[in-house]
*Asks:* 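Below you will find the structure I want to go over with you.
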Amino acid sequence: MCDCTDHKEEIPAYDAKTIEEKWVKAWDDENLFAVDTDPAKPKKYVLEMFPYPSGDLHMGHARNYTIGDAMARQARMRGFDVLHPIGFDAFGLPAENAAIKHNTQAAAWTYKNMDQALATMKRMGFSYDMDRLVKTCSPDYYRWGQWIFEKLWERGLVYRKKNPVNWCPKCETVLANEQVTEGRCWRCDSEVEKRDLEQWYIKITAYAQELLDDLEKLPGWPERVKQMQANWIGRSEGAEVDFTLCDAEGNPIEGDEGKITVFTTRADTLFGNTFFLLAPEYKGLMEMVEGTEYEDAVREVVEGAKHISAVERAQGTLEKHGAFTGRYVVNPVSGAKVPVWVADYVISDYGTGAVMAVPCGDQRDFEFAKKYDLPIVPIILSDDDPLYDQLKDEKSTVVTSVDWDEALTCEGTLVQSGKYTGMVGGKHSEGEAAIVADLEAAGTGKRSVQYRLRDWLISRQRYWGNPIPAIHCEHCGIVPVPEDQLPVTLPENLDLGAGETLAECRDFYETTCPVCGAPARRETDTMDTFTCSSWYYLRYTDPHNTELPFSKDAANHWMPVDNYIGGIEHAILHLLYSRFFTKALRDMGFLDVDEPFTNLLCQGMVKDENGDTMSKSKGNVVPPSSVIEPYGADTMRLAILFIAPPEKDFDWDPKAVAGANRFIKRAWNIVWRLANDGDANAVLDTSVFSDADMKLYRERHRTIARCTQDFDRQQFNTAISAVMELVNAASTYLNAVAAGERNAALCRLVATDIVSVLAPVCPFWGDELWHEALHNEGSVYTAPWPEFDLSEAVEDEVEIAVQVLGKMRAHTKVPTGATPEQMQAAAESVASKWLEGKTVVKAICVPGKLVNLVVK
RNA sequence: GCCCGAGUGGCGGAAUUGGCAGACGCAGUGGACUCAAAAUCCACCGGUGGCGACAUCGUGCGAGUUCGAGUCUCGCCUCGGGCACCA
C-alpha cells in the first residue's frame with residue numbers, strides 16, 4: 001500500500017508473484033510472441049545463443065536472455081517485425097556422462113532439462129516465438145544437419161585423413177584444434193594427447209581468406225572478437241623456396257624426390273641459412289635414414305617428440321632436440337650446401353613441415369645452433385653493430401661464428417648476402433622482395449601465404465550426437481547414405497550405464513551398401529556438436545520445412561541476424577564455424593548472405609559477491625529462483641540490466657537487487673498516482689501549462705530521448721537511469737503540485753511514458769499497469785514506443801558555465817539562443833572578479849554550454 | 001615475444017562530437033513520520049582548508065597539443081584477454 005497522502009486507497013500494493021503468474025498465463029494463452037512475417041514492416045532478427053540444457057538456467061543465461069529480450073521487446077514497440085526464437089543445443093557429452101552415471105538415457109536427461117529451462121524462460125517473461133522452438137537432438141532437426149554434411153561432402157568440403165589428432169583421454173574422443181586451449185580439453189581441462197587416427201574433416205581452410213577479409217564487413221562486432229578470429233586464422237605472408245637434396249659430395253641421391261620446399265616469411269635471410277630442419281613427423285624421414293649410421297639418433301628424436309605433451313609445448317620453454325640425417329640440401333640463392341637435421345621444435349602441419357634455419361636471426365634456430373655447434377653466419381645487422389663496419393662493404397669477408405647470447409631479431413641491413421648486401425632486411429622488406437623476385441624468375445620459389453587455421457576435425461567417438469551419414473563398404477569404399485534414407489536415426493535405447501557404444505550397437509551399424517547392396521557397416525562416429533549450432537539460426541527462419549533445412553526465401557527475408565547476443569567463450573569456436581557454414585551454404589546457393597550476424601554483443605560474466613566465477617564445485621552459485629521467488633522476474637531483469645553495461649562482468653550484489661526492487665515499487669506508485677490524476681480523453685495543451693507542468697513536460701522529452709538513444713546503443717544501464725530520472729521528475733511534480741491542480745493530460749502522458757519505456761525491461765509490471773492503472777486494451781508489448789521531440793524540451797533560459805583561461809569560475813543564465821556577444825557580455829559581468837586589471841583578448845563561446853574568456 | 005582491451009568517489013557506474021567530472025543507483029549521514037522499528041518521504045554525500053560564501057587539488061604515472069583534455073599525441077606503470085617453438 002502506498003502511503004502518499006492523497007491516494008492511499010486507490011493504489012494496490014505491488015505484488016510481483018501474483019502479477020507475474022497472471023501474465024505468464026495470459027501471454028501463453030494468446031501466443032502473444034509468435035511472429036507472422038509481415039513484409040510491410042522492417043524486419044529485425046534478435047537472437048541469443050541457444051543454451052546447452054545441462055540443468056536449469058543459471059545467472060549467465062538469465063543475463064544473456066534478459067539482454068536479448070529487452071532488445072526484442074523494444075524493437076517490437078518501435079515498429080519492427082521481430083523474430084525472436086529460442087531452442088536447445090541438445091546433443092553433447094554432459095548428457096551422455098549423466099546418463100552413464102545414473103544409468104539412464106541421454107535423451108531422457110536432456111528432455112527433462114529442456115522442460116525445466118523452458119519453464120524458467122516463461123517465468124522470466126522472455127518473449128520467444130515458441131512455434132519456432134528448435135531442439136538439435138530431434139530427428140527433424142538433425143536430419144538436415146546430415147543433409148548439409150552430405151552437400152558439403154559433394155562439394156569436396158568433407159574428407160577423411162589419417163593424421164596426429166588431439167585426443168582427450170577423459171572424454172574419450174578426438175577434439176578439434178579450436179577445442180584445445182593450452183594443450184587442455186576445453187570441456188574437462190584434461191591434458192590432450194596426440195594420436196594418429198583417421199578422422200572426418202571439414203575443409204574450413206578453403207574459406208580462410210574470406211573469413212579473414214570479411215571481418216572488415218562486421219563493424220557491429222566487438223574489436224576483440226574480430227582480433228581473436230584474425231589471430232586464430234593466423235595469416236602469414238612469405239614465400240615457398242625449393243631446396244635441392246644431395247649427399248655430402250653434392251650429388252643427387254637415388255630414390256630421393258630431389259627437392260624439399262620450405263615456407264618462410266624471411267626470404268631476405270636466405271644467406272644466413274646454415275642448416276635445414278625437418279619435423280619429426282615429416283613424411284619419408286625414417287626412410288631417408290633407414291640403414292644409415294644416422295638412423296638411431298634420428299629415431300630417438302622422432303620417438304622423443306611423441307612424448308612432448310601439448311601442455312609442455314604451450315609453455316614454450318622446452319629444450320630443443322635434434323639429429324643429423326646424413327643428407328644435405330643446396331640453398332637456391334646462396335648455393336651453400338647445408339646439413340639436414342631433424343628437430344623437435346619444427347611443427348609438421350604448418351607450412352611444409354620443413355624449415356630453413358637462420359640462427360643469426362631466429363632465436364629458436366640460434367639456440368639449436370649453439371647446442372649442436374652449428375655455424376651462425378651474421379647476415380643482417382643494425383648499423384651500430386661492431387661487425388657492421390667490417391662487413392658492410394667487403395663482400396668477400398666471411399664471418400661464420402659470433403659471440404652473441406641471442407639471435408639478432410631486429411630489422412637491419414643485409415650483409416654477407418652477395419648482391420643483396422646493403423639492402424634493408426626484415427619482413428616485407430626491400431631485400432625480401434628482391435630475393436623472392438629472383439627466386440620466382442629462376443623458378444626455385446614463389447610467393448605464398450600460410451594460415452594457422454586447420455581444417456575442422458568433426459568426428460567424435462561418442463554416442464549422443466548427430467550420426468555421420470556414411471557407410472563403409474568393402475567394395476565401394478565410404479559412401480554417403482542416400483538422401484531419401486535420411487535421417488540416420490540415433491538409437492535412444494543404448495545401455496550407456498553398461499558402457500555400450502554406437503560402435504557396439506549391431507542394430508545401428510549393420511546395414512547394406514546403397515551402391516552395391518552388399519552387407520556394410522554404418523559409420524559409428526557422430527558429428528561435433530558445433531556442427532549442430534552452426535546453422536540453427538537458419539532453421540529458425542523456416543522451422544517446419546520438411547523439404548529443405550530452410551527455404552531460400554525465408555532465410556533471405558530474415559537473415560542476417562541483426563542482434564546476436566552471447567558469451568565471449570564462443571569468440572572463435574561457434575562464431576567462426578557459423579560464419580563458415582553461412583559462406584559454404586551461400587556458395588551452394590541456399591541463401592544470399594555473406595555473414596550471419598550483423599551485430600554481436602558479448603555479454604559479461606556474472607560473478608559472485610567476491611568476484612569469483614560461480615560454479616557448483618565452489619558452492620557459490622546464485623540461482624535465478626533465489627531472486628524470482630522473493631522479488632519477481634521483473635526485479636531480476638531490471639537488476640541484471642542496471643548493475644553494469646551488458647558487455648562488462650559484474651559481481652552479484654544482493655543490495656543492488658533490493659535497490660532494483662525498491663525502484664520498481666516506487667515507479668509503480670508514481671504511475672498509479674499519475675494515472676489516477678490522468679484523463680485519457682484530456683487534450684494536451686501546453687499553453688495552459690503551469691511552470692511545474694512545463695518542467696515535467698520538458699523532462700519527459702529529454703529523458704525519453706536519452707532512453708531511446710541508449711536502447712539503440714544497447715546501454716541498458718543508462719537507459720534505465722533515464723527512466724529513473726523521469727520517475728524522479730514525476731515524483732517531484734506530484735509532491736510540488738496539489739492534487740486538484742495537476743494537468744490531467746500531462747499526468748496521463750507521463751504515466752503512459754513510464755510504463756512504455758520500462759516495459760521491455762519489466763514486462764509483467766508493464767502489462768499490469770497498462771491494464772489496471774491505465775485501463776488500456778491489448779498488451780504494452782504491441783503498444784508504440786513513446787515519441788519525443790527535443791525542441792519541446794528547450795527552456796527559455798540556459799545556464800552556461802563561465803571559464804577564465806580554461807578554469808571554471810562561475811555560472812550564469814542567458815536566454816536560449818543568445819548570440820556569442822550576449823554570452824560574452826553575460827560571462828564578463830559575472831566573472832569580473834577574475835578580470836580585474838586584465839584584458840579579454842578572446843572569448844570562446846559554445847552555444848548553450850559555456851564561455852571561456854581568454855585574458856592577458 | 002606478437003596483438004587487443006581496460007584503469008574515474010567507499011562501491012557499481014555516467015560524461016554520445018575535445019566543452020560545467022562524478023548522471024543514475026548502492027552504501028553511508030542527518031531529518032520527517034512512528035510509542036518504537038521496518039517501510040516510505042525529504043536533504044546531504046570526491047579530498048584538503050574554512051562557520052561560511054569560497055579557495056584549492058582531483059579521472060593510473062610523466063610529458064605534450066589546445067582557449068579548454070577523463071576524452072587527442074608521445075613515453076611509462078598496473079590489471080585483464082587472445083595467439084604463440086607458426087619459421
Side-chain angles (χ1 to χ4, degrees), chain A residues 1-5 181-182 222-236 238 262-266 269 277 308 312-320 343-347 349-358 361-365 367-368 409 450-452 568 571-572 639 642-645 648-651 653-660 662-663 665-666 669 703 706 709-710 712-713 715 717-725 727-728 731-732 735 799-811 841-855:
Chain A
M1 191 62 80
C2 166
D3 8 78
C4 62
T5 51
T181 309
E182 290 186 356
E223 209 49 51
R224 60 177 173 150
V225 173
K226 289 191 276 186
Q227 196 67 46
M228 282 162 74
Q229 292 213 353
N231 279 346
W232 188 259
I233 294 167
R235 181 188 154 98
S236 233
V262 298
F263 172 75
T264 178
T265 57
R266 295 296 303 274
T269 63
L277 301 171
I308 300 173
E312 285 175 289
R313 210 173 251 279
Q315 278 154 9
T317 49
L318 284 172
E319 191 184 334
K320 295 166 176 53
D344 61 0
Y345 67 94
V346 179
I347 292 161
D349 63 352
Y350 184 77
T352 60
V355 171
M356 68 151 191
V358 182
D362 182 288
Q363 184 58 26
R364 295 157 299 178
D365 297 342
E367 285 167 22
F368 193 82
T409 49
Q450 293 290 322
Y451 300 91
R452 212 192 71 94
I568 188 76
I572 293 169
F642 182 63
I643 289 175
K648 274 196 79 160
D649 289 354
F650 74 76
D651 300 344
D653 179 2
K655 293 242 175 73
V657 178
R662 193 179 309 152
F663 170 70
K665 285 196 232 166
R666 178 172 144 83
N669 288 331
T703 50
R706 273 188 30 216
Q709 277 172 5
D710 285 344
D712 288 346
R713 296 194 301 150
Q715 294 297 296
N717 55 332
T718 51
I720 291 164
S721 72
V723 183
M724 288 172 168
E725 286 180 62
V727 169
N728 289 345
S731 171
T732 303
N735 289 337
E799 188 173 75
I800 59 166
V802 177
Q803 297 183 338
V804 178
L805 286 172
K807 275 199 185 297
M808 278 299 309
R809 291 303 183 190
H811 289 92
V841 295
K842 197 173 164 190
I844 284 108
C845 296
V846 182
K849 287 207 169 148
L850 69 71
V851 175
N852 186 10
L853 300 171
V854 186
V855 296

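Here is how names work: the chains are called A, B, and so on, in the same order as the sequence lines, proteins then strands, and each is numbered from 1. These numbers come from the heavy atoms of this one structure, side chains and all, not from hydrogens, waters or symmetry mates.
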*Asks:* Identify whether any heavy atom of A:Glu799 sits under 4.0 Å from a base atom; if not, whether one sits that close to sugar-phosphate; answer base, sugar-phosphate or nothing.
*Replies:* base
*Asks:* Roughly how many Å is it from CG in A:Asn852 to C1' in B:G68, rounded to a whole number?
*Replies:* 6 Å
*Asks:* Looking only at atom P, what distance separates B:A14 and B:U8, rounded to whole Å?
*Replies:* 12 Å
*Asks:* For the side chain of A:Lys655, counting heavy atoms from C-beta on, which of B:C67, B:A87, B:A27 is nearest?
*Replies:* B:A27
*Asks:* Using atom C1' in both nucleotides, what's the gap between B:G9 and B:G47 to the nearest angstrom?
*Replies:* 9 Å
*Asks:* Which heavy atom of A:Ala801 sits nearest to which heavy atom of A:His811, and what is that distance?
*Replies:* CA-CD2, 3.9 Å
*Asks:* When you measure from the side-chain N and O atoms of A:Arg706 to the phosphate of B:C24, is any distance below 4.0 Å, counting only OP1 and OP2?
*Replies:* no
*Asks:* Mind checking A:Arg809 for me? I need base, sugar-phosphate or nothing, with any heavy atom below 4.0 Å counting as a touch.
*Replies:* sugar-phosphate
*Asks:* How do A:Met808 and A:Ala722 order along RNA chain B: which one's closest nucleotide is nearer the 5' end?
*Replies:* A:Met808
*Asks:* Quick one: A:His811 NE2 to B:C54 P, roughly how many Å, whole number?
*Replies:* 11 Å
*Asks:* Taking the minimum atom-to-atom distance to the side chain of A:Arg713, which one of B:C83, B:U16, B:C4 wins?
*Replies:* B:U16
*Asks:* Can you tell me, in whole Å, how much space there is between the P of B:G10 and that of B:G5?
*Replies:* 29 Å
*Asks:* Using whole Å, report how far CZ of A:Phe650 lies from P of B:C26.
*Replies:* 16 Å
*Asks:* Round to a whole Å and report the spacing from CZ of A:Arg452 to P of B:C2.
*Replies:* 18 Å
*Asks:* Both conditions, 6.0 Å and 45 degrees, for the charged tip of A:Lys320 above the ring of A:Tyr345: are they met here?
*Replies:* yes
*Asks:* Taking any heavy-atom pair under 4.0 Å as a contact, classify A:Arg662: base, sugar-phosphate, or nothing.
*Replies:* sugar-phosphate
*Asks:* Side-chain N or O of A:Ser721 versus OP1/OP2 of B:G13: is the shortest distance under 4.0 Å?
*Replies:* no
*Asks:* Please give the nucleotide sitting opposite B:G1 as a Watson-Crick or G-U wobble pair, both distances under 3.5 Å, or none.
*Replies:* B:C83
*Asks:* By nearest heavy atom, map A:Tyr451 and A:Asp653 onto RNA chain B; which one lands nearer the 5' end?
*Replies:* A:Asp653
*Asks:* Identify the two heavy atoms, one from A:Leu853 and one from A:Ala843, that lie closest to each other, and give their separation to 0.1 Å.
*Replies:* CD2-CB, 3.9 Å
*Asks:* How many whole angstroms separate atom CZ of A:Arg266 from atom C1' of B:C2?
*Replies:* 14 Å
*Asks:* With heavy atoms under 4.0 Å as the rule, sort A:Ile643 into base, sugar-phosphate or nothing.
*Replies:* sugar-phosphate
*Asks:* Checking base pairs now: Watson-Crick or wobble, both atom distances under 3.5 Å. What partners B:C61?
*Replies:* B:G75
*Asks:* Which part of the nucleic acid, if any, lies within reach of A:Lys648 when heavy atoms closer than 4.0 Å are counted: base, sugar-phosphate only, or nothing?
*Replies:* sugar-phosphate
*Asks:* Measure from CD on A:Gln709 to P on B:U17 and round the result to the nearest Å.
*Replies:* 11 Å
*Asks:* Looking at A:Val262 and A:Met356, what are the two nearest heavy atoms and their distance?
*Replies:* CG1-N, 3.8 Å
*Asks:* Once you apply a heavy-atom cut-off of 4.0 Å, does A:Gln227 come out as touching a base, just sugar-phosphate, or nothing?
*Replies:* sugar-phosphate
*Asks:* Indicate, with a heavy-atom threshold strictly under 4.0 Å, whether A:Pro645 touches base, sugar-phosphate, or nothing.
*Replies:* sugar-phosphate
*Asks:* Does A:Asn231 get its side chain close enough to the base of B:C83, under 3.5 Å, for a donor-acceptor pair?
*Replies:* no
*Asks:* Counting N and O atoms only, with roles assigned by atom type, does the side chain of A:Thr732 sit under 3.5 Å from a partner on the main chain of A:Asn728, one being a donor and the other an acceptor?
*Replies:* yes
*Asks:* Tell me whether A:Arg364 is salt-bridged to A:Glu367, with the criterion being a basic N under 4.0 Å from an acidic carboxylate O.
*Replies:* no
*Asks:* Look at A:Arg364 and B:A84 and indicate whether a side-chain polar atom (N or O) is within less than 4.0 Å of OP1 or OP2.
*Replies:* no
*Asks:* Whole Å only: how far is the NZ atom of A:Lys226 from the P atom of B:G82?
*Replies:* 19 Å
*Asks:* Which nucleotide, in any strand shown, forms a Watson-Crick or G-U wobble pair with B:G68, with both distances under 3.5 Å?
*Replies:* none
*Asks:* Contact class for A:Val841 vs. all strands (heavy atom < 4.0 Å): base, sugar-phosphate, or nothing?
*Replies:* nothing
*Asks:* Can a salt bridge be assigned to the pair A:Asp653 and A:Lys655 using a cut-off of 4.0 Å between side-chain N and carboxylate O?
*Replies:* no
*Asks:* Syn or anti: how is B:G68 classified when any glycosidic angle within 90° of 0 counts as syn?
*Replies:* anti
*Asks:* Rounding to the closest angstrom, what is the interatomic distance between B:G18 and B:G13 at atom P?
*Replies:* 24 Å
*Asks:* Counting Watson-Crick and G-U wobble pairs only, both distances under 3.5 Å, name the nucleotide matched with B:A55, or none.
*Replies:* B:U48
*Asks:* Using a distance-only criterion (donor-acceptor N/O pair, under 3.5 Å, no hydrogens), is the base of B:C85 paired with the side chain of A:Lys320?
*Replies:* yes
*Asks:* When you measure from the side chain of A:Asn852 to the backbone of A:Gly806, do you find a donor-acceptor pair of N or O atoms at a distance under 3.5 Å?
*Replies:* yes
*Asks:* Which whole number of Å gives the distance between the P atom of B:G25 and that of B:U71?
*Replies:* 28 Å
*Asks:* Under the criterion side-chain contact (heavy atoms from CB on, under 4.5 Å), I'd like the reasoning laid out for A:Asp365 against A:Leu277: C-alpha separation, chi angles, the key distance, then a yes or no.
*Replies:* CA-CA 9 Å; A:Asp365 297 342; A:Leu277 301 171; 4.0 Å; yes
*Asks:* For B:G10, which nucleotide in any strand shown is its Watson-Crick or wobble partner with both distances under 3.5 Å?
*Replies:* B:C26
*Asks:* Once you round it to whole Å, what is the distance between C1' of B:G7 and CG of A:Asp649?
*Replies:* 15 Å
*Asks:* Rounding to the closest angstrom, what is the interatomic distance between B:A69 and B:C76 at atom P?
*Replies:* 24 Å
*Asks:* Going by purine N1 to pyrimidine N3 plus the second Watson-Crick contact, or the G-U wobble pair, all under 3.5 Å, which nucleotide sits opposite B:U40?
*Replies:* B:A32
*Asks:* When the P atoms of B:A15 and B:U29 are compared, how many Å lie between them, rounded to an integer?
*Replies:* 30 Å
*Asks:* Under 4.0 angstrom, heavy atoms only, what part of the nucleic acid is A:Asn728 near: base, sugar-phosphate, or nothing?
*Replies:* sugar-phosphate
*Asks:* Is A:Asn735 near enough to B:C42 that one of its side-chain N or O atoms lies under 4.0 angstrom from OP1 or OP2?
*Replies:* yes
*Asks:* Hey, does A:Asp651 reach any base, or is it just sugar-phosphate, or nothing, if we go heavy atoms under 4.0 Å?
*Replies:* nothing
*Asks:* Whether A:Ser731 contacts B:C42 is assessed here as follows: a side-chain N or O lying under 4.0 Å from the phosphate OP1 or OP2. Is that the case?
*Replies:* yes
*Asks:* Taking atom C1' in both B:G80 and B:C67, compute the distance separating them and give it to the nearest angstrom.
*Replies:* 38 Å
*Asks:* A:Phe642 has a side chain; which of B:C24, B:C83, B:A87 sits nearest to it?
*Replies:* B:C24
